[in-house]
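From a predicted model like this one, the values you see are computed outputs, not experimental measurements. These values consider heavy atoms only, across backbone and side chains, with no hydrogens, waters or symmetry-generated copies.
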Amino acid sequence: MNDPLERSYVEEARRDKRAQLEALAIRPFAYRFERTHVATAAVALWRDDFGEAGPTISIAGRIAALRGQGKTMFAHVEDASGRIQIYLKRDQLETFWPLIELLDLDDHIGVQGRLFRTRTGEVSVWVTSIELLAKSLRPLPRGKVEKLPDGTTVVHGGLTDPEVRYRQRYADFAVHPELRDVFRLRARAIVFLRNFLDARGYLEVETPVLQPLYGGAAARPFMTHHNALDMPLYLRIADELYLKRLIVGGFERVYEIGHDFRNEGMDRTHNPEFTMLEWYQAYADYIDMLEMVEQMVSGVVQECLGGLVHERRGHVLNFAPPYARVTFREGILAACGIDVLEATEAEMRAFVVHRGESTESAGTMSGGRLLDEVFKHSLEPTLLQPTFLIDYPKTLSPLAKPHRDDPRLTERFELFVGGTELANAFSELNDPDDQRSRFEDQGRQRDAGDDDAQQMDLDYVRALEYGMPPTGGVGMGIDRLVMLLTDNSSVRDVILFPAMRPEGERPRAGEDEDT
């Protein structure tokens, strides 16, 4: 494998400049710098009545452009807020000129000087002192910017390979500052969700990430070993079972925003490490939760996007409540003619094979997994507008309470937007004997080859035996919510550091090359 840190001639030249700086007793990496303004605030400070000279300020940032004109030099300094131009004149910076001559693009500098407006009208800093804060030993992969006759710009080259961009996020954010806005919006959305629940009397809690048994979802776990206890542990696949233990313990409204981990394939909507919001409320059911999700989603869209109607991936979506409600059974019947409560497994296998699954793969499917595949191949892609899919078959929902009107169903809904699941909710199962029976059925599905089926959790059954009140619970995927808010089609675009294969390897089974 090639050394990813192998140096180019440009990098060797920069290291040579570092040596020259050190020979001049100039530190290439400073300890701190006291700045008075960020770039955009400094530009906004200018007033035309300042005349030729404005106030003295200090700014700091990365050199984003650098051009010399004899004994003068112009540069643009970029910080988290934006850019500002600086002007350097040799006869006024004689003691600093040896440093200035050794500067490169992407170096971090701090400067002090007075604001002024150039003859071209650009608010700039006339530098009176300069300090090197960090020498860039590797140039950022910036593209070449061409200014077109109409005043617009086009970038040629630069950092465009998705594989490199996801792997070197630090470089991606540095050369594409607009991408940082995705994560500012993500933080804003999480603040809204937290305030929404806090205002309704929910308590934020933290439950174990390392668990002796994994549960709360149909997924395979990551496994590790605890040396001191000499026992296997699993990274959690969901927060659910511990949060419901807290309901048993008397915490009537709880929520958690945390990372879950699922050892499964990667695609545009799945990353092995992801962020979930789960909340549970005593004395509520799935209809209470449905109405709450409707308020929450419409609220976060309004807060982050300033309105409720937005175009996303070619579709105009309306987030104004109420959202459509479709039953699982009737929805699939209308989409493909299969009655999931009456059809045989052979009929459903034949359907998924017809829709593209291999005969071998379909032959391993049974129970809830087979039902889920029928849904994915028929109804799911059609759920574009915000839609609640309600009343799932019992075999698909081992933790949901039986439907009060039809014991073949459960009181469960999922919210879909743009053909993607956003939230999942139940009237939570609180009958310990029924729960144990469901776990046993899941065990039979595991024995039949379904690795995603849930394990028996006797401690959770014991907790239910102490008595859990009627409870409504919801899980919402934060990453998918942010994908929706920012109109991104890949989960990797909304995760700061997405999971990647080892550098230089090709995609493996279960991993999309284009994710």
Side-chain angles (χ1 to χ4, degrees), residues 180-211 214-217 219 221-222 234-247 249 251-262 269-282 284 286 288-305 319 399 413-415 417 420-426 428 471-486 488 491-499:
R180 302 174 209 157
D181 291 337
V182 170
F183 295 92
R184 294 187 180 101
L185 185 145
R186 181 186 176 111
R188 186 176 171 188
I190 291 173
V191 167
F192 175 89
L193 299 176
R194 183 173 272 119
N195 290 342
F196 182 95
L197 291 165
D198 289 347
R200 287 159 177 78
Y202 282 79
L203 177 69
E204 184 173 9
V205 297
E206 296 172 283
T207 61
V209 173
L210 291 173
Q211 302 179 349
Y214 61 92
F222 288 94
Y234 303 92
L235 274 69
R236 68 182 176 199
I237 61 173
D239 308 358
E240 178 169 348
L241 299 187
Y242 279 91
L243 290 173
K244 289 194 289 192
R245 284 173 168 92
L246 294 178
I247 296 291
F251 293 90
E252 293 185 353
R253 298 187 181 201
V254 293
Y255 75 94
E256 183 167 12
I257 300 174
H259 280 203
D260 293 337
F261 309 84
R262 297 182 185 177
T269 59
H270 293 88
N271 191 69
E273 177 181 2
F274 58 98
T275 305
M276 283 288 291
L277 162 62
E278 292 196 35
W279 72 93
Y280 294 83
Q281 178 178 331
Y286 79 137
D288 296 311
M289 297 295 99
L290 183 150
E291 293 168 352
M292 191 171 172
V293 168
E294 205 168 54
Q295 296 171 25
M296 176 183 280
V297 171
S298 60
V300 74
V301 170
Q302 178 69 48
E303 169 70 17
C304 292
L305 303 182
F319 291 92
L399 297 168
F413 73 78
E414 289 186 298
L415 173 63
V417 184
T420 300
E421 175 208 341
L422 194 61
N424 184 24
F426 307 149
E428 301 295 339
T471 298
V474 183
M476 179 178 291
I478 297 296
D479 306 315
R480 292 184 183 179
L481 174 64
V482 178
M483 286 172 64
L484 179 67
L485 293 172
T486 58
N488 275 300
V491 69
R492 294 188 179 190
D493 290 322
V494 300
I495 294 176
L496 284 170
F497 297 100

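- One distance of note links CE of Met289 with CD of Glu294; it measures 13.0 Å at 0.5 Å rounding.
- Counting only heavy atoms from C-beta outward, the side chains of Val494 and Leu481 never approach each other to under 4.5 Å.
- A distance-only check finds a donor-acceptor pair linking the side chain of Glu278 to the backbone of Glu240 [under 3.5 Å].
- Remark: the backbone N or O of Glu303 is paired with a side-chain donor or acceptor of Arg188 at under 3.5 angstrom.
- Arg480 places a side-chain heavy atom less than 4.5 Å from the side chain of Thr269.
- Contact annotation: the side chain of Glu428 never approaches that of Ile247 to less than 4.5 Å [non-hydrogen atoms, C-beta and beyond].
- Shown here for Cys304 and Leu485, the closest heavy-atom pair between the two residues is SG-CD1, 4.2 Å.
- Tyr280 approaches Gly473 most closely through the heavy-atom pair CD2-CA, 3.4 Å.
- Leu210 is listed as a side-chain neighbour of Leu235, based on a closest heavy-atom distance under 4.5 Å.
- A heavy-atom distance below 4.5 Å is found between the side chains of Arg186 and Thr275.
- Contact between Ala217 and Arg262 at its shortest, heavy atoms only, is CB-NH2, 3.2 Å.
- Between Ile237 and Phe274, the shortest heavy-atom contact is O-CZ, 4.3 Å.
- With rounding to the nearest 0.5 Å, the separation of CG in Asn488 from CD1 in Ile495 is 11.0 Å.
- Within the 3.5 Å criterion, the main-chain N or O of Arg492 finds no donor-acceptor partner in the side chain of Asn271.
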- Yes or no on side-chain contact (heavy atoms from CB on, under 4.5 Å) for Lys244 and Leu399, after CA distance, side-chain angles and deciding distance? CA-CA 11 Å; Lys244 289 194 289 192; Leu399 297 168; 4.0 Å; yes

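- Side-chain atoms of Tyr202 and Gln281, non-hydrogen and from C-beta on, do get closer than 4.5 Å to each other.
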- Start with the C-alpha distance between Thr207 and Arg236, add both sets of side-chain angles, then the distance that settles side-chain contact (heavy atoms from CB on, under 4.5 Å), and finish with yes or no. CA-CA 10 Å; Thr207 61; Arg236 68 182 176 199; 3.2 Å; yes

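- We find the CG-CG distance between Leu290 and Leu415 to be 8.0 Å, quoted to the nearest 0.5 Å.
- With a 6.0 Å cutoff to the six-membered ring centre and a 45° limit on the axis angle, Arg245 counts as a cation-pi contact of Tyr242.
- A cation-pi contact links Arg200 to Phe196, judged by a cut-off of 6.0 Å to the six-membered ring centre and 45° from its axis.
- Contact annotation: the side chain of Val491 approaches that of Met483 to within less than 4.5 Å [non-hydrogen atoms, C-beta and beyond].
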- Please step through side-chain contact (heavy atoms from CB on, under 4.5 Å) for the pair Thr486 and Asp493, ending with a clear verdict. CA-CA 9 Å; Thr486 58; Asp493 290 322; over 6 Å; no

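- Between the CG atom of Leu484 and the CG atom of Asp479 there is a distance of 12.5 Å, given to the nearest 0.5 Å.
- Residues Leu193 and Ile478 meet the side-chain proximity criterion, which asks for heavy atoms closer than 4.5 Å.
- Although no hydrogens or angles enter the test, the distance criterion places no donor-acceptor pair under 3.5 Å between the side chain of Glu256 and the main chain of Asp239.
- Taking every heavy atom of both residues into account, Val300 and Phe192 meet most closely at N-CE2, 3.4 Å.
- Residues Phe413 and Val293 approach most closely at CZ-CG2, 4.0 Å, considering heavy atoms.
- Rounded to the nearest 0.5 Å, atoms OH (Tyr255) and CG (Asp198) are 3.5 Å apart.
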